[in-house]
Q: 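I'd like to ask you about the structure that follows.
Chain letters run A, B, ... following the sequence lines, proteins first and then strands; every chain starts at 1.
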Amino acid sequence: MWSEGAGFPDLTPLWLTIRLAGISVVILLIVGTPLAWWLAQTKSRLKVAVEAITALPLVLPPTVLGFYLLVLLSPNSMLGGAWRDVTGTALTFTFTGLVVASVLYSLPFTVQPLQASFEAIGRHPMEAAATLGAGPTDRFFTVATPLALRGYLTAMVLSFAHTLGEFGVVLMVGGNIPGQTKVISIAIYEQVETLEYAQAHLLSAILLGISFVVLVAVYAANRRFPVHAG
Amino acid sequence: MWSEGAGFPDLTPLWLTIRLAGISVVILLIVGTPLAWWLAQTKSRLKVAVEAITALPLVLPPTVLGFYLLVLLSPNSMLGGAWRDVTGTALTFTFTGLVVASVLYSLPFTVQPLQASFEAIGRHPMEAAATLGAGPTDRFFTVATPLALRGYLTAMVLSFAHTLGEFGVVLMVGGNIPGQTKVISIAIYEQVETLEYAQAHLLSAILLGISFVVLVAVYAANRRFPVHAG
Amino acid sequence: MSGLVVDFSLDLPGFRLSVAERFAPHGLTVVFGPSGSGKSSLLRVIAGLEGGAEGSVCFNGQTWQGPGRHVAPHRRAIGYVFQEARLFAHLSVAGNLAYAERRARKAGRVPDRAAIVAALGLDGLLTRRPSGLSGGEAQRVAMARALMSAPRLLLMDEPLSALDDAAKGAILPYIEAIRDGMQVPVIYVTHSVSEVARLAHHIVMLEAGQVRRAGPAQDILSDPAAAPAFGIRAAGSVLRAEVLAHHDDGLSELAVAGGRLLVPGFAAAIGTRVRVRIAAQDVILSRQRPEGLSALNLLEGELTDVRRGQGPGVMVRLRMGPEQDVLARITQRSARALSLAPGQRCFAVIKSLSIAPLDVGGSGSD
Amino acid sequence: MSGLVVDFSLDLPGFRLSVAERFAPHGLTVVFGPSGSGKSSLLRVIAGLEGGAEGSVCFNGQTWQGPGRHVAPHRRAIGYVFQEARLFAHLSVAGNLAYAERRARKAGRVPDRAAIVAALGLDGLLTRRPSGLSGGEAQRVAMARALMSAPRLLLMDEPLSALDDAAKGAILPYIEAIRDGMQVPVIYVTHSVSEVARLAHHIVMLEAGQVRRAGPAQDILSDPAAAPAFGIRAAGSVLRAEVLAHHDDGLSELAVAGGRLLVPGFAAAIGTRVRVRIAAQDVILSRQRPEGLSALNLLEGELTDVRRGQGPGVMVRLRMGPEQDVLARITQRSARALSLAPGQRCFAVIKSLSIAPLDVGGSGSD
Amino acid sequence: AAARAETATVAVATNFAKAAEQLIAGFEAQTDHRITLVTGSTGKLFAQIIEGAPFDAFLAADQARPARLEAENRAVAGARFTYAKGQLVLWSATPGFIKPDGAAALRAGDFTHLAIANPDLAPYGLAAKQALQGLDLWDALRPKLVMGQNIGQAFSMVATGNAELGLVAKSYAVSNRNRESGHHWDVPEALYDPIRQDAVLLREANVAARDFLAYLKGGEARLLIQDHGYHVE
Ligand SMILES: Nc1ncnc2c1ncn2[C@@H]1O[C@H](COP(=O)(O)OP(=O)(O)OP(=O)(O)O)[C@@H](O)[C@H]1O
Ligand SMILES: Nc1ncnc2c1ncn2[C@@H]1O[C@H](COP(=O)(O)OP(=O)(O)OP(=O)(O)O)[C@@H](O)[C@H]1O
Ligand SMILES: [Mg+2]
Ligand SMILES: [Mg+2]
């Protein structure tokens, strides 16, 4: 069964995936950072509930979450309708929709490690920065962020890898449209489903290879510029 | 489409899922802790590669990973064959196989947060414990573990939730056998696919509700017994 | 309304700090008190780091904290040397200093980097990471960093505790220069009596969260009643003096009420007004003028009171002139043997070398 | 082979520590040296915390480190007070103490919890979290924790640096009791000259990673050549003495070579042999017996040498008996005025109160 | 090819994806139209169409969902037709495992797992269930059943050797790569309801889609469909 010759696979889904994962990670960091920071700082009673809600997208099977997102983002819905009115485009079956879905689905992988590492910093370095004249934004970027680098690393690796591999949500919301929403995970899935095993192995190998190289590079960089805990 | 009356759904998959997630998390902690600890301590050149490999299971689409696990764990394979010779049971289409698959798939969610929080402890508290007569195992459990509680929390929440929701791998490796390997995520998926939306909503709501309660309880406990960073 | 005026209370679990005090607008105020008395907490409130403090903090007419008002710490232009170094682990020593400098410059204040680095002996350390510093090195960097923010108010929490005397000797003149030259008020927590004696213009004594005494250093250090708080050995008096001459043999000559003093030489122009602290511990009393002693200084004054404390000592006060007293701590036995009584004329015998450079401070501005 | 014998070198980036030294098997050895000289690193090597150290460390005949051998820190039965408190953040104060106690008991060593808690004044703090402790409180807890492991060797890195004199006064007797009573050798890093003077049996002076001097405290403190390293004010001599009487007026009388000394009273049975330190700073010289002074102590001896240092002072040595010297630090001007020269008989005038209780130590065992 | 060239997106049930690829190639060779192929499970595609997916035609794996789309006016009325009839085979990856009579192999029970598609989800799963019931083996074999969510997954379970046998679509068993390996037995059609796979036109205005559906009914297409293991009407 492993013997079939395979033409070189179409790599469009790969580039699409990398774009999706890249954009998602950037948005996740932008959205997740303030949320994680708030969670790490707040003494509000809401905190526990928000923490729990942040983890909930994980609990639903991806396809099911995808189904609910499909309903939620559809132009027939309030949200999707409003989006269409404003931008003129739909959220479902578009790349934008994929990004929205990925972000929602991977949010816990960004927020949780960030929050943990923000909490680990404690208030001492931030107080020191404040007495040196650094305002909240300033010290967030110049003290909290570098000290939480390990958390950012974890967050990025988990969300990037998860976005690469995730396909249930994306399949549902994106509709598997070649060149637009057909990401590599769907492509491999499809090949396995249609018994194109050789093609599937090849694409998987490419995906794993690229991921491995990226991950090694990221970890090696982290190793070179560590923050000494003591 | 929301109108179909729904009998109260069969909850067997739910209990099965909770058992699976529970057992997986326990095994993940047992397996992930020494791995994370080693990664946090080692200066070996292998570290970067192991870190990258640990994250790789995430990159493959679950169904595809499931497919490869099916190949890997099959009684015809070396691993699955050896397992069958030793235990007399197969790894595929059994609950044991599901656990193996879940553990492999969720490993990054356990290892990464644990490693990050072990690294954040630094060597000072461990040195202090050593001078007080605590050997490596002793101080690991009495100093490193409590100081890394936040990391354990993140690891447990992410892996538990992920095991609840994950179904691509489980489906392939488990074979969807009611009462044995048919977990709730598969059940909900089935209902969505067969347009049993009302049932799907109900099961999803139950799953979300239970998860929310569990998560709130976990976070609230964490809040009550925090470790002050400073 | 210049200077720092605080009037607040702060409740921590099991501890209440309540301070209403006007700090002098310039010069250095030492906050002194036993461990756990609230010294660090006081600095934290002044810096705006204790959200729970109720009351007011005003600095140079600006309300930093008051009803419905709380100026954020980073807008207070303070320099804070924390009790622990609190260096930024992700920056080198130079990076830590630059962090402060950049923000000071943005706010229009310009620190003298070269002078600070030199005063704190950091030249060899600039490229180091905080994790590779010794305890004393880290403390020096922390102090340099606070100075690099060119603050308008300097809060220092035991900044020299991890340093040896030689390092202290190198750093103290720099702190004195700030105290005297830059018109930056300094609030300085220390347990070291010699630092109190050398640096303090003002002293605030805390005990269990309350101010027990506060006032000019001169008054408090020469008040026998306050002595036990510092440890009896810190008691002493501060005399106003004027530099008369610098001699070849390394001594400087000062005019004080009641006579002249030879002290170890120090740099100050003839005519400069300075303060000299004389530890009660170091004074020997004599009813007649003693001869043939190695001690060079002899001041004559009128004995005003003899006060018993606990233990074998008594504290004797000689008046040299208006508000110019010398305290002597001697044994009861000696007091009896010399039949000391108020109203007598007495000589205070003081070794030149016991007035070590540490105790020769600038005149301050009050 | 009892006691601690080290012979190692340790390379840190930009710093090399190289020590070959035999530490006395009992008593307290003070490690003294400027900031960054390698004191903490030395303790870390002894504790087994510096993997990079090459050489040997032996304690009481056991090889802790040697070729192919490295006994893990937790098997060395040491107590280590780190320069920073390093309390366990997840445990209360009581939990921190119990952590040490449990492991000590398992190893068959039994600490005296009540005595330690009392000596360090921790009664009110036991339920606190480390994050709610003041700097001095944390330091006391750290010290208590190290003592709770009932160590066979105690390493203390500036354990009292964050404490006021009153707290030191409460804790020092306890350290002395350990030093003298429990036969636990103590290696003690400090910058405080008064701690050196009070506690040290032995002194190891480090400079830039090298031992510059090492030996009995008595020799080093009375050696004029060593004085500058401590700061000139620490120079002094240690006399062997015997308690003769305790007087009603709070003074104790001691017999020393060259006469008798009245010192502030302290508790010790008549006949006990003690050591008394006399700071060179506190001694006035006189060619003839002076009269009518408040100072009660007059020791007569033979002037053996006059030694110029830098600055305006000279160090004069009076020999009272074999190996019993008194050092006096006076000005050159006085030395000239008194025409001091070796061979003369001289009187040392010493105020009783300048021999403060701090400087009256136990006799030690050497 | 007088008609104006257009593009259409056609959603196809996964089991028919291979055949659809070749059909599209054939179609595109004859016209200037361009067809984009989207595959997925029938249930998923249905939900997406309900939520406004930009599909112009839908080739389902069953009849129910196209009918429902038609009933809900989401599909062009009257354009629905059966483009293929699936066939069920018993298949094993091990040559010779299935004796000439597959029913006998099933009865012998000389295997630990029999893979089928989920009867609740996949038409082939339902057919497999009916066939087993027809053979009176359903209850006996239930403990040995493992289920994929669709026929592809069921097939994978057999292909990887985890299940010795599977009741799968003939289209899978006869696909190019499986002709030589494995061995299959055609389940008698009497044992299960016909697996009619219906196609519907979703957007009347799309000429390309309409033409493609018309092409499916043509002789060339029918041959190709048959070649993939389906019957045609
Ligand atoms: N990890 C390291 N990397 C580089 N240099 C180091 C490292 N650790 C210590 N040093 C250097 O080694 C020297 C000795 O340090 P050590 O901590 O032993 O000094 P110390 O005598 O205890 O000083 P202090 O009194 O200031 O605590 C210092 O110059 C310090 O900067
Ligand atoms: N977060 C807290 N929770 C409970 N008590 C606290 C907290 N922070 C400080 N305290 C207590 O408040 C008191 C004052 O603390 P503070 O740090 O101001 O003392 P300090 O005078 O600086 O002492 P030290 O000289 O030992 O540093 C101490 O008794 C301390 O235990
Ligand atoms: Mg403090
Ligand atoms: Mg040190």
Side-chain angles (χ1 to χ4, degrees), chain C residues 12-13 33-36 39-40 83-84 132 134-137 140 157-158 161-167 169 191 193 230-231 233 247 249-251 262 264-265 281-282 284-288 290 292-296 311-313 328-335 337-338 349 351-354 356, chain D residues 12-13 33-36 39-40 83-84 132 134-137 140 157-158 161-167 169 191 193 230-231 233 247 249-251 262 264-265 281-282 284-288 290 292-296 311-313 328-335 337-338 349 351-354 356:
Chain C
L12 295 173
S35 175
K39 306 180 294 295
S40 300
Q83 199 166 0
E84 343 80 61
S134 79
E137 288 164 349
R140 271 144 56 202
D157 201 345
E158 310 197 29
S161 64
L163 296 175
D164 51 287
D165 285 344
H191 290 124
V193 170
F230 291 98
R233 317 186 84 202
H247 297 289
D249 56 2
L251 298 177
L262 285 166
Q281 177 86 7
D282 291 337
I284 292 179
L285 292 184
S286 176
R287 293 288 301 278
Q288 60 268 54
L293 284 185
S294 62
L296 293 173
R329 190 165 164 263
I330 64 175
T331 56
Q332 291 166 37
R333 184 178 293 208
S334 300
L338 299 176
V349 183
K351 289 186 68 174
S352 291
L353 291 180
S354 73
Chain D
L12 295 172
S35 175
K39 306 180 294 297
S40 300
Q83 199 166 1
E84 343 80 63
S134 80
E137 289 164 349
R140 272 145 57 202
D157 202 345
E158 310 197 28
S161 65
L163 295 175
D164 49 289
D165 285 344
H191 289 125
V193 170
F230 292 99
R233 317 186 85 201
H247 296 288
D249 56 2
L251 298 177
L262 285 165
Q281 177 85 6
D282 290 338
I284 291 178
L285 292 184
S286 177
R287 292 290 301 275
Q288 59 266 55
L293 284 185
S294 62
L296 293 172
R329 191 166 164 261
I330 63 176
T331 56
Q332 292 165 38
R333 182 177 293 211
S334 299
L338 299 175
V349 182
K351 290 187 66 174
S352 291
L353 291 180
S354 75

Q: With a 4.5 Å cut-off on heavy-atom pairs, point out which of Gln288(D), Glu84(D), Arg140(D), Gln83(D) contacts chain C the most.
A: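 Option with the greatest count: Gln83(D).
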
Q: Can you list everything that forms a side-chain contact (heavy atoms from CB on, under 4.5 Å) with Thr331(C)? Sequence neighbours excluded, please.
A: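 Checked Thr331(C) against side-chain contact (heavy atoms from CB on, under 4.5 Å); matches are Arg333(C), Ser334(C), Leu251(D), Leu296(D), Ser352(D), Leu353(D).
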
Q: Heavy-atom distance under 4.5 Å to chain D: side chain of Leu262(C), backbone, both or neither?
A: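 Only the side chain of Leu262(C) comes within 4.5 Å of chain D.
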
Q: Please classify the contact between Ser40(D) and chain C as side chain, backbone, both or neither, with a heavy-atom cut-off of under 4.5 Å.
A: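 Neither part, no heavy atoms under 4.5 Å.
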
Q: Which residue out of Gly136(D), Gly132(D), Gly33(D) racks up the most heavy-atom pairs below 4.5 Å with chain C?
A: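 Counting heavy-atom pairs under 4.5 Å, the top option is Gly136(D).
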
Q: Counting only heavy atoms closer than 4.5 Å, note whether Leu338(D) contacts chain C via side chain, backbone, both or neither.
A: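 Side chain of Leu338(D) only, per the 4.5 Å heavy-atom cut-off to chain C.
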
Q: Against chain C, label Pro34(D) side chain, backbone, both or neither, depending on which of its atoms sit under 4.5 Å from a heavy atom there.
A: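 Contact with chain C is through both the backbone and side chain of Pro34(D).
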
Q: Ser134(D): what forms a side-chain contact (heavy atoms from CB on, under 4.5 Å) with it, not counting sequence neighbours?
A: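 Ser134(D): side-chain contact (heavy atoms from CB on, under 4.5 Å) contacts with Ser35(C), Glu137(D).
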
Q: Do Ile330(C) and Lys351(D) come close enough that some side-chain heavy atom pair is under 4.5 Å?
A: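 In contact.
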
Q: Heavy-atom pairs under 4.5 Å with chain C are the metric here; pick the option from Leu163(D), Asp157(D), Val349(D) that has the most.
A: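 Most heavy-atom pairs within the cutoff with chain C belong to Leu163(D).
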
